[in-house]
Amino acid sequence: MFGYGRSNFTWNGTLRELETSCPSFCGERVRPIMTATPISSGLEVLLTSLQNVCDIESTLHILNVLDELLSAGSDRRIYYMISKGGSEALLTALINNARCFSPNYAVLVPLLHLLAKVGLRDRRIGLKAEDAGAVLLVLTLLKQNSHHARRAAACLWVIQVFCSSVSTANLIGENHGLDVVYRLNSSFTTRHLNTIKAAIDALTALLSTKANVHVAVCKGYVAGLLRLYEDWHSKDAEHAAVAIRTALLRCLHQATNCSAARQALVSQGGISLLYQTTQSCLLTKGLESLVELSVQLMRKCLTETSLPLMSDQSVYSFPLPGRPDGCPHVDVGTDDSYEEDSDEEESEENQEADSKDKDYDDDLETDLNKLRSRPEPDRPKELLAQYSRLCPELTHDFQELDSGSEPEESLSSSSSDEESWLLNGSPCCRSRRDRRKSDTSSPERRPRCGSDTSISSPECLLGKLNASGERTPVVPHFEPCDFHSQSRVLSSSPMFWMKGRTAREYATSGEKEEGQDEEEEEKGEEAHHRTMVDRLLERHGTYVPHHDPKLYRAASALTKSIPGFSILAFPDFWGHLPPPGHEPMAPRKPKVQRQKVFEDVQRFLNPDDLINQVVFDLEETSPQCVSDRPDSLRFFSKFESGNLRKAIQVRRYEYDLILNADANCSQHTQWFYFEVSNMMANIPYRFNVINCEKTNSQFNYGMQPVLYSVREALDGRPHWVRTGSEICYFRNNFCPAQDRKGETFYTLTFTVTFKHNEDVCYLAYHYPYTYSALQSHLEALQRSVDPAKVFFQQQTLCDSLAGNPCPLVTITACPSSRGWRDIHQLRNRPYIVLTARVHPGESNASWVMKGTLEFLCSSEPVAQSLREAFVFKIIPMLNPDGVINGMHRCALNGKDLNRQWCKPDPVLSPTVYHTKGFLYYLNSIGRTPLVFCDYHGHSRKKNVFLYGCSVKETLWQSGSAVDTVGVKEDPGYRTIPKTLDRIAPAFSFNSCNYLVEKSRSATARVVVWREMGVLRCYTMESTYNGCDQGIYKGLQTGTRELEEMGVKFCHSLLSLRRDITALYSKKLINHIDLDHNVLDHNSYNCFEDDEPPCVEEIEYSTNIRLRLNAPELDSDIDGSTSSAEEEEEQHEEGHTGGNHDRSSNSESRQSSLKSRLFPYLIEQGSIEKLNMKRTTCNGVTVANGPHLT
Ligand SMILES: [Zn+2]
């Protein structure tokens, strides 16, 4: 309530009563309308009257009534008033009252107050004010009243709301409004705080435009604001003016949305000032808003720094066939494609933000014909015959069942001896020597990628050998350091030894052809090495089911990597057992990120305290960049699935880590896996992965990286365990080495305290699962099954680009006899096709697949009945090269393979091309799979869930006009997720959806559904983190839970057996009750984060747009109104008596006028300082005194 003016009018009645009591408001003209709709027309009457009445009394009456109407109830009344032309009416009244010779402020001030309140909620207020000619009028009023606190405040609030329009803000700026407002900012005082805050807020609003920020920077206002903040901070000891200090920081935030302003802030010592003020604020409660704003401001203004790399391009490049120059595919500047490449399971932020306000998602396919259409096959039918070899179960005659003899061919690897496997090659793999020959015979077809094995390592090895003086040491007892990456024990290739030993000979005698004696020596070395491994296992060996270190080593010797890895990572070699018990999600330490930011700011403030020494560089040719500091950690990543490009020691116990981009490209850094050694026990080491790309991460929501300790493994605890404290993920100030301007990275920071001195440890993004692990696992499985019961066959689907065989496994039950009936049953079993690991960084998918494979090979009754019901076709690793070379997203062609399914290239995407070909083949022989599921990992969500495809749900969700009642669809696609929801603890039905997005039209799920007509076609997503529901709620997933998920998926297939009967007894799909059970779950398009906004700001984005805070402005205005009388008095007092020193000379008149308003002027010294900085800064000086027009 205002209570303005002498009459002190208040109104508590209805408009109808108002009409009777004040008939002068309501002319005859409008009365009939009022009777019809009293409220609306009453308001219109008031507004019309406001614009027409001239006498002060009436105007005040109307303002009072309006204010009363609007302050009661919600904002809806104000919006209603705006819709009835309220803003225009107030503007007209303002002009009418202000244009007279001596404006009456008893009317103008309440009018301005009301205008500010209404304008705040009117998006178009700026433009309306421009049209009415009110903008410069208010500015003039402000100039005329800069000595009058209350009037100035009223003008400032109005200016603030006018600035919601860019053109209005610029208009005020062009008319020197910026200077007028800036000069009303005052150094510390205890009086007129409301007006000072209004001035700062108005300045903040003005600085929302680039043009105004430019002016502010040129005039040195950034420096001025900083000094003001310093002044208020140091003198506001009672913390009575926190609102002003906050407003100043917000103003600086707004100003620093342009880079020149950020530079100005930095060059004026702003970072140091903010850092110091923040540290002292931390000591006092209730200053949270100041700390938070300061931290963000510091991060925002810190100078961008390029990553210390020569190039963002991956260290690993692979010459692609069909590119004669052998140049790797360069994808610098493919930001757009990266956006598109976003995960099957993840959408980029912009998309989310855009779609949030909408009722539906643009990305959903709404064209029924497109949803229904079945594209022509991408290849001629003749090409499909080649895939008949991948269905041996259809031709196998099972003679062995009769004779009782051993199964033939591949099933007969009874030579269960890994040595012979190594020498002869597994049934599906050529031996290493064979491959070497084929490599040299057709180099252009199969580029050699493993030939430069361990160029760097022999020297180091040689050094070690020389030092120890013996070549074949007997290892009586193993210490973790024996398993350092440079140690001989972990060499995978016998060639490694030979090369090491003969390196010197090569050096002296030049080129030496590989010959017979080498082969022999190789065998000798090999034998020696085997002895060592045997002893090791004898002494320390543990039992890891389906894992054999010797098998692993043998498998890895056949694996082809780009750099030619010759060293095994100990965990892969030795094996992993899930630790006993569950691992809860890590609690987030309060304010941990703030602490990290402070540490990062200190780098900038005290650069001399930094060590900044590179301690590991993947590109270095020397074996290891060993730092001259003996207490530095050592890093290594040149092994399968390893990813660490560079490690820089920043402080004594802090390291920056840079990840390697996917091979042949410059992006997709997320996966990491590296070795670290030379640590001291019980010291917290901080690690910062500084070139992460995703905008948020589960690391902010309880996820931890994993660690494997060699010491622990040798002591009988071979576990990957979740580790790390003080974990957080936020935007940093590093930008790419080249191009991609304005883009910065994110930091994942975590602290590890190692348990043992001198241990060798491995740290990874998630539980590693290498290609060699898959190969040795398949070998172990094959040996484990009973060939009389289980038909288990490993074949090669095709070779990957780098020449690694992509295995396809067939699992089904052997028929119980060779009788026609049994064979017929076998050959009519429905097919289930499972694939995994198309995205190499999603190692969780491999662990789920491991669970599936082991279960299907097991003697469990459920497994037996599944084998009898189905034929399983499993391609467990669609992207071997990506996995081997430590990539996260792509294949060697630099492309996301899960976006290639529409028209896969036979040469560049062979695994997808042939998987699709195989599915076409099954289709062509009438054996379309009953289920297709592609296993993935999800980095931004919890739980495990499925994505499927449904025409009906897509149409519903998209808001399509198509009448879905007539659309027939078999709801059978819901059976598996529903079953999983009941039986799999990690599974969440509510996270599933069945929507067909345009952006995912080239994924396996959509293409197999659409082109092959597979109804039950899924992507299975497993979290990297853990669960937020069910019995695993609050726990991180381990490999045990992931494997269990693979088992439960198999279990869920049992639920299909009833459906099968229905399907295969030729019942028509139309007979199935379509709406049965379908509507009980609303399928949301939930590709975006599940997570609430992070507790601490992740982004320090440079274009934060500060929103006008309506409640705050309202309360500022109301505060001013309530203290109106008091200020009026003060003004009178200043005018008549003069409580401050007054000077009679005209020069100081202005300052004395001002001093009544702002008793403590900015000290002369600091003004000079500011002026000096302005001139040195930009050579632009500001005239003293306000510009009056
Ligand atoms: Zn994926």
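Just follow the structure's listing: the first ligand is 1, and inside any ligand the first atom is 1.
- Within H839, the N, O or S atom at minimum distance from the Zn ion (ligand 1) carries the name ND1.
- For the Zn ion (ligand 1), the set of nearby N, O or S atoms under 2.8 Å includes none belonging to E1021.
- Pairs passing the side chain to side chain donor-acceptor pair (under 3.5 Å) check and including a residue from residues 903-912, sequence neighbours excluded, read N893-S909.
- Ion pairing of E854 with K850 is present here, as a side-chain N (NZ or NE/NH1/NH2) and a carboxylate O approach within less than 4.0 Å.
- If you look at Y973 and Y994, their ring centroids are closer than 6.0 Å.
- Closest N/O/S atom of H936 to the Zn ion (ligand 1): ND1.
- In this structure, F565 has its ring center at least 6.0 angstrom away from the ring center of F639.
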